A.B. asks: 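First the structure, then my questions, so here it is.
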2 protein chains.
Amino acid sequence: MSLHDDLLEKARASGLRRTKALEAILTCLADHNRPMTLAELTSCGHLSDQCDKATVFRLLQRLSDKGMVRRLGLHERAAYFTLLLPGVHRDYLICTDCGSIEPIDAPCPVHKLEEEIRQETGFVDLYHELEFFGRCPKCASA
Amino acid sequence: MSLHDDLLEKARASGLRRTKALEAILTCLADHNRPMTLAELTSCGHLSDQCDKATVFRLLQRLSDKGMVRRLGLHERAAYFTLLLPGVHRDYLICTDCGSIEPIDAPCPVHKLEEEIRQETGFVDLYHELEFFGRCPKCASA
DNA sequence: GTAATTGCAAATACTTTGCCACGTA
DNA sequence: TACGTGGCAAAGTATTTGCAATTAC
């Protein structure tokens with residue numbers, strides 16, 4: 001079963017209806033494998049073209065409520081949304097010039113600290129976000 | 001020399017004029033010791049009351065250009081701004097319910113990874129942001 | 001005196017909601 | 001059929017800019 005089918009199934013199981021917009025959004029997020037803005041998703045080829053941004057927005061909201069999507073702030077004015085896959089954590093490397101976003105594959109070194117914070121502060125539902133910003137080689141040489 | 005004076009001096013040295021608004025903003029940021037939004041700064045007691053938000057915005061922009069302030073996205077719709085002190089790096093713990101923001105005093109475990117990324121990717125001017133999100137004990141029990 | 005800075009107001013950008021039509025279950 | 005969902009359009013919130021008046025140097 002593909003990632004896309006898996007996600008769709010999960011969304012269905014959590015109460016969402018199987019609509020074109022839902023499929024399009026899940027496909028788009030899964031294909032790109034990086035956080036995307038509402039605008040990007042709304043104009044993301046194939047099926048998404050047909051979806052109003054309000055629809056995409058509300059779907060992302062629902063998916064976020066179900067814990068399948070997370071909303072990020074990455075310095076841009078627009079919010080970013082990314083798939084939340086069980087057991088998968090991802091950090092990002094972002095170019096402050098051209099805005100490119102790429103996932104970092106190195107293991108995240110923060111989990112230990114997160115555990116300490118959980119115990120010392122009593123915070124619950126703890127998670128973290130880690131982003132690296134800089135200028136990519138291409139932008140740096142330009 | 002106080003932190004405030006130190007900052008003012010630095011701002012002056014980098015070409016900014018010594019105005020009421022500049023002083024007010026530096027004071028406010030230094031006093032609060034945490035990221036603040038444009039709205040917070042604009043209505044931050046004492047002197048800041050007198051500053052238009054456009055003024056505060058443009059000053060933050062200039063301070064950011066000079067490397068004295070950094071702009072953060074912390075999940076809220078509004079952007080946050082924080083002082084950038086030489087040699088000081090700060091991570092934050094944020095309550096997703098009440099929005100409280102507190103600095104984490106534990107040493108940041110990310111510098112090693114940052115160095116690896118610098119070397120492997122060729123990114124320059126690299127820095128990172130690390131935030132922990134969760135619900136604080138007060139909100140969790142409510 | 002000159003150039004940076006300010007305030008006000010308007011423009012822009014992005015997000016969020018209301019309402020009724022529509023499609024899925 | 002019933003209720004979640006979709007599209008359109010409008011409202012809301014935050015950011016950003018234009019311009020003339022003011023202020024720091």
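On a predicted model such as this, the values are computed, not experimentally measured, just so you know. Throughout, protein chains are lettered first and strands after them, A, B, ... in sequence-line order, and every chain is numbered starting at 1.
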A.B. asks: Tell me: CG of L60(B) to C1' of dT15(D), nearest whole Å?
C.D. replies: 12 Å

A.B. asks: Which nucleotide of DNA chain C is the first, and which the last, in the 5' to 3' direction, to come under 4.0 Å of a heavy atom belonging to chain A?
C.D. replies: dT12(C) to dA25(C)

A.B. asks: With respect to the side-chain SG atoms, do C44(B) and C28(B) come within less than 2.5 Å?
C.D. replies: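 The sulfur gammas are closer than 2.5 Å, so yes.
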
A.B. asks: Between atom CZ in R62(B) and atom C1' in dT15(D), what is the gap in whole Å?
C.D. replies: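 So the two atoms are 16 Å apart, to the nearest Å.
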
A.B. asks: Taking the nucleotide of DNA chain C with the nearest heavy atom to each, does R77(A) or R71(A) sit closer to the 5' end?
C.D. replies: R77(A)

A.B. asks: Are the side chains of L85(A) and L7(A) in contact, using a 4.5 Å heavy-atom criterion?
C.D. replies: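 Yes, side chains in contact.
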
A.B. asks: Could you tell me whether A39(A) contacts a base, only the sugar-phosphate backbone, or nothing, with contacts defined as non-hydrogen atoms closer than 4.0 Å?
C.D. replies: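 Counting heavy atoms under 4.0 Å across all strands, no contact is made by A39(A).
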
A.B. asks: Could you tell me whether the side chain of K66(A) reaches within less than 4.5 Å of the side chain of K10(A), counting heavy atoms only?
C.D. replies: no

A.B. asks: For A79(A), does its backbone N or O pair with a side-chain atom of T37(A) as donor and acceptor, under 3.5 Å?
C.D. replies: no

A.B. asks: Could you check whether H75(B) and E129(A), counting side-chain N and O atoms only, form a donor-acceptor pair closer than 3.5 Å?
C.D. replies: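 Side-chain D/A pair, E129(A) to H75(B): present.
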
A.B. asks: With a 4.5 Å limit on heavy-atom distance, are the side chains of L22(B) and R17(B) in contact?
C.D. replies: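 Side-chain contact under 4.5 Å: no.
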
A.B. asks: For the helix from dG1(C)-dC25(D) to dA25(C)-dT1(D), figure out the bend between the end axes, five pairs an end, and round to 10 degrees.
C.D. replies: 40°

A.B. asks: Give one of base, sugar-phosphate or nothing for A79(B), where a contact means two heavy atoms less than 4.0 Å apart.
C.D. replies: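 Result for A79(B) = sugar-phosphate.
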
A.B. asks: Nearest whole Å is fine: how far is dA14(D) C1' from L74(B) CG?
C.D. replies: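 In whole Å, dA14(D) C1' and L74(B) CG are 15 Å from each other.
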
A.B. asks: Kindly indicate whether a cation-pi arrangement holds for R70(B) with Y127(B), taking the cut-offs as under 6.0 Å to the six-membered ring centre and within 45° of the axis.
C.D. replies: yes

A.B. asks: Would you please test L126(A) and L93(B) for side chain to side chain contact (heavy atoms under 4.5 Å, CB included) and show each step?
C.D. replies: CA-CA 9 Å; L126(A) 203 60; L93(B) 177 58; 3.9 Å; yes

A.B. asks: Quick one: L63(A) CG to dG4(D) P, roughly how many Å, whole number?
C.D. replies: 16 Å

A.B. asks: What's the closest nucleotide to the K53(B) side chain, out of dT16(D), dA10(D), dC8(D)?
C.D. replies: dT16(D)

A.B. asks: Quick one: do E23(B) and R18(B) make a salt bridge, cutoff under 4.0 Å?
C.D. replies: yes

A.B. asks: Tell me: CD of Q61(B) to P of dG18(D), nearest whole Å?
C.D. replies: 12 Å

A.B. asks: Run the salt-bridge test on R118(A) and E115(A) with the 4.0 Å N-O cut-off and return the result as yes or no.
C.D. replies: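 Yes.
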
A.B. asks: Could you write nucleotides 19-25 of chain D as a row of B, S and -, 5' to 3', where a protein heavy atom under 4.0 Å of any base atom gives B, of only sugar-phosphate atoms gives S, and otherwise -?
C.D. replies: B---BBS

A.B. asks: Say you draw a straight line from CD of E131(A) to CG of L72(A); how long is it, rounded to the nearest 0.5 Å?
C.D. replies: 6.5 Å

A.B. asks: Could you pick out which residue, L22(A) or A78(B), lies toward the 5' side of DNA chain D when each is mapped onto its nearest nucleotide?
C.D. replies: L22(A)

A.B. asks: Atom CZ of F123(B) and atom OG1 of T96(A): how far apart are they, to the nearest 0.5 Å?
C.D. replies: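 F123(B) atom CZ to T96(A) atom OG1 measures 8.0 Å (nearest 0.5 Å).
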
A.B. asks: In whole angstroms, how far is the C1' atom of dT15(D) from the CG atom of L41(B)?
C.D. replies: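 It works out to 15 Å between those atoms.
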
A.B. asks: When you measure from the side chain of A54(B), which nucleotide among dT17(D), dC8(D), dT15(D) comes out closest?
C.D. replies: dT17(D)

A.B. asks: Within this structure, what is the NE2-to-C1' distance between H75(B) and dA14(D), rounded to whole angstrom?
C.D. replies: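 About 18 Å, once rounded to whole Å.
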
